[in-house]
Amino acid sequence: MLVARPLALAPLFGFGALVAVLVAAGELPPGEGVWAVAAVAAAFAPSGWIAPGGWQRRLAEATLLPLAYALTLLGDATLRRFALPPLLVLAAWAAVAAALPSAPARLAPLLAASLGVAV
């Protein structure tokens with residue numbers, strides 16, 4: 001369990017690194033990048049700490065791929081503003097849904113709050 005929790009946060013850091021590279025290259029406005037990373041961090045950090053393993057968690061982490069794909073390939077700001085919010089909601093919902101079955105009942109409000117902050 002000591003290794004699983006930091007490894008559950010690895011996709012969050014990978015997504016942050018991708019956004020940092022896109023911002024540094026001038027492909028993404030800094031405000032939009034910070035917003036996307038904050039939303040992913042709000043959903044994936046608490047759920048990863050509470051339920052770090054299992055196939056449901058890996059499936060939730062896989063929902064970051066369409067989000068990264070849209071960030072990378074949509075150069076037009078208008079298209080990106082239409083595509084990113086639904087993908088962020090999907091990723092946040094998947095992260096919280098993966099953690100809820102194995103989370104203690106007292107931590108369910110924390111997961112619901114993390115979903116609310118992420119959305």
Side-chain angles (χ1 to χ4, degrees):
M1 198 62 143
L2 293 175
V3 177
R5 286 188 172 150
L7 283 179
L9 301 178
L12 171 64
F13 291 115
F15 185 76
L18 171 69
V19 169
V21 167
L22 290 173
V23 168
E27 297 294 324
L28 187 67
E32 205 170 317
V34 168
W35 169 72
V37 170
V40 169
F44 277 83
S47 67
W49 195 259
I50 292 170
W55 66 269
Q56 293 172 332
R57 175 67 186 181
R58 300 302 166 249
L59 189 61
E61 291 168 355
T63 61
L64 287 175
L65 294 175
L67 186 59
Y69 182 79
L71 275 175
T72 306
L73 294 181
L74 292 178
D76 184 31
T78 305
L79 287 174
R80 205 170 37 244
R81 287 188 187 121
F82 279 115
L84 289 186
L87 292 172
L88 281 169
V89 169
L90 175 69
W93 178 80
V96 171
L100 271 176
S102 61
R106 61 179 166 64
L107 293 178
L110 172 69
L111 290 171
S114 73
L115 177 62
V117 169
V119 172

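Only a predicted model underlies this, so the values are computations on that prediction, with no experimental measurement involved.
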Qualifying salt bridge (Lys or Arg N to Asp or Glu O under 4.0 Å) pairs with a residue from residues 17-28, counting only residues at least two apart or across chains:
none

Atom pair OG1 (Thr72) and CG (Leu18), whose distance is rounded to the nearest 0.5 Å
4.5 Å

With a 4.5 Å cut-off on side-chain heavy-atom distances among I, L, V, M, F, W and Y, is there a chain of contacts connecting Phe15 to Val96?
no

Does any non-hydrogen side-chain atom of Leu64 lie less than 4.5 Å from one of Leu67?
yes

Shortest non-hydrogen contact from Ala41 toward Pro46:
O-CD, 3.7 Å

Let me confirm one number: the CZ-CG distance from Arg81 to Asp76, rounded to the nearest 0.5 Å.
9.0 Å

Taken in chain and number order and not counting sequence neighbours, the residues that satisfy side chain to side chain donor-acceptor pair (under 3.5 Å) with Arg57 are Ser47, Glu61

Please walk me through it: do Phe44 and Leu9 pass side-chain contact (heavy atoms from CB on, under 4.5 Å)?
CA-CA 7 Å; Phe44 277 83; Leu9 301 178; over 6 Å; no

Show me the side-chain donor-acceptor pairs of residues 97-117 shorter than 3.5 Å, one per line, residues at least two apart or across chains.
residue, atom, partner, partner atom, Å
Ser114, OG, Leu111, O, 2.8

For the student: nearest non-hydrogen atoms of Ala70 and Leu87, plus distance
CB-CD1, 3.8 Å

For the atom pair CG (Leu84) and CG (Leu71), what is the distance rounded to the nearest 0.5 Å?
5.0 Å

Contact between Pro29 and Arg80 at the side-chain level, heavy atoms closer than 4.5 Å - yes or no?
yes

Apply the test side-chain contact (heavy atoms from CB on, under 4.5 Å) to residues Trp93 and Thr63: give CA-CA distance (whole Å), side-chain angles for both, the deciding distance (0.1 Å), then the verdict.
CA-CA 10 Å; Trp93 178 80; Thr63 61; over 6 Å; no

Would you call Pro85 and Trp35 a side-chain contact if the rule is heavy atoms closer than 4.5 Å?
yes

Out of Leu74, Val21, Val23, which residue meets the side chain to side chain contact (heavy atoms under 4.5 Å, CB included) rule with Leu28?
Val23

